[in-house]
Amino acid sequence: MENHSDAALSSVSRVSTLNCIDLSNPKLPESVSLLKQACLDSGFFYVINHGISQEFMDEVFEQSKKFFDLPIDDKMKLLRNEKHRGYTPVLDEILDPDNQVEGDYKEGYYIGVEVSEDDPQSEKPFYGPNVWPSEDLLPGWRQKMEKYHQEALGVAKAVARIIALALDLDGEFFDKPEMLGESIATLRLLHYEGRLSNPTNGIYGAGAHSDYGLITLLATDDVVGLQICKVKDAQPQIWEYIPPLKGAFIVNLGDMLERWSNGVFRSTLHRVLMNGQERYSIAFFVEPSHECLVECLPTCKSETNPPKFPPITCATYLTQRYRATHIDLSSYQKT
């Protein structure tokens, strides 16, 4: 059987080499050093030995495929709501409007922290009940996704502790209730159509963008597609492929961490180009709580290096970013 990953990589000129953070490594200073170098270099790195079994990862990918294989009418009954929970159709999102002629050629499914409608938290923009397929339609689907959400959050917190140490902070800095203690952690299943991207004509699997929050954990199949641009302001921009790594998470830094670190650690532009094959990935976006004030960390500013970004709450920042990238829900005809 042909290895599609190797075949695709052999046809491109630039492939990025990322540092690999082993969460089982007992030598914590070594992991902190590797992570810090990765954050300064590209804002992307691999995480291995994270504690989620390959067998369970395979199950989650299988369940994701089962959902996306459903008829479009069934999927549209689960259309995302104003809380960003549920199904996002192809072309629902346009991440790089300056260069895309249409939206992203991908479909997705948002799953957040489950908060019941009678909980006071549900009045806030990014808290509320999830949208779930019925048990008759996809037996056991919800249980697997909730388990994955919980386990991925545990991995994210372990990575955040190493990031805190790399920023000369206490290792528990991001564990506070207003941060990851009550985080807005969002799981997003993604399916890219089996079509060919064409940047010259503005056709992308996912347009160039940076993620919004603290970090993102990405699990992928073996189909190559993810690219990063280490220097976002470079002209021309130089794009490098990130090879999939079986059993690993690809981790990247988000805009809020760039703001917290005063630009020391950067959120990196990335995009997805498709080579004609279907591609599945699972993104886990980790943001602090709704009320968290994102402002320059004390270890990242000085008299000669004042804060570059004004303080902003997590909810305000996320609301601005989501409104700018998703089409208005009213544009979908209700049936």
Inspect the surroundings of [atom1] in [X] and state if more than 12 heavy atoms from other residues, nucleotides or ligands are less than 6.0 Å away.
X    : atom1 : answer
Q54  : CD    : yes
Q235 : CD    : yes
Q143 : CD    : yes

State, yes or no, whether a side-chain contact exists between [X] and [Y] at a heavy-atom distance under 4.5 Å.
X    : Y    : answer
L245 : I48  : yes
F67  : L78  : yes
L23  : F249 : no

- Query: For the side chain of K301 and the backbone of P306, is there at least one donor-acceptor N/O pair under 3.5 Å apart?
  - Reply: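 Looks like no, no N/O pair under 3.5 Å.
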
- Note on the structure: In short, P243 meets Y46 closest at the heavy-atom pair O-OH, 2.7 Å

- Closest non-hydrogen contact found for A206 with L95 is CB-CD1, 4.3 Å

Any chance the side chains of [X] and [Y] put a donor and an acceptor closer than 3.5 Å?
X    : Y    : value
D118 : S116 : yes
D119 : Q121 : no
Y212 : T325 : yes

- Output, in order, the C-alpha distance, side-chain angles, deciding distance and verdict of side chain to side chain contact (heavy atoms under 4.5 Å, CB included) for N130 and M145. CA-CA 11 Å; N130 282 299; M145 294 305 160; over 6 Å; no

- Task: Test salt bridge (charged side-chain N to carboxylate O under 4.0 Å, His left out) on E172 and R161 and set out the steps.
- Result: CA-CA 6 Å; E172 310 301 309; R161 292 182 189 114; 3.8 Å; yes

- Task: Kindly determine whether D96 and Y204 satisfy side-chain hydrogen bond (donor to acceptor under 3.5 Å, both in side chains), including the steps that lead there.
- Result: CA-CA 9 Å; D96 185 13; Y204 298 86; 5.1 Å; no

- Task: Identify whether NZ of Lys or CZ of Arg in R195 sits under 6.0 Å from the centre of the six-membered ring of Y105 and within 45° of that ring's axis.
- Result: yes

- Picking from R80, K75, R188, what satisfies salt bridge (Lys or Arg N to Asp or Glu O under 4.0 Å) with D92?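 Checked R80, K75, R188 against D92; only one passes salt bridge (Lys or Arg N to Asp or Glu O under 4.0 Å): R80.
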
- Message: Pair R321, D255 - check side chain to side chain contact (heavy atoms under 4.5 Å, CB included), show working.
- Response: CA-CA 11 Å; R321 295 298 300 271; D255 296 335; 2.2 Å; yes

- Query: Can you name the side chain to side chain donor-acceptor pair (under 3.5 Å) partners of K65, sequence neighbours left out?
  - Reply: D69

Using the ring of each side chain (for Trp, its six-membered ring), is [X] parallel, tilted or perpendicular to [Y], with breaks at 30° and 60°?
X    : Y    : value
F68  : Y87  : tilted
W132 : W141 : perpendicular
F44  : H270 : perpendicular

- Query: Transitively linked via ILVMFWY side-chain contacts under 4.5 Å: Y127 with V294?
  - Reply: yes

- Task: Indicate if I72 and L79 have the same hydrophobic cluster label, given that clusters are the connected sets of ILVMFWY residues with side-chain heavy-atom separations under 4.5 angstrom.
- Result: yes

Gap separating the [atom1] atom of [X] from the [atom2] atom of [Y], nearest 0.5 angstrom:
X    : Y    : atom1 : atom2 : answer
L35  : I21  : CG    : CD1   : 5.0 Å
C292 : Y317 : SG    : OH    : 14.0 Å
K308 : E258 : NZ    : CD    : 9.5 Å

- Message: Do the side chains of K230 and D41 get close enough for a salt bridge, i.e. N-O under 4.0 angstrom?
- Response: yes

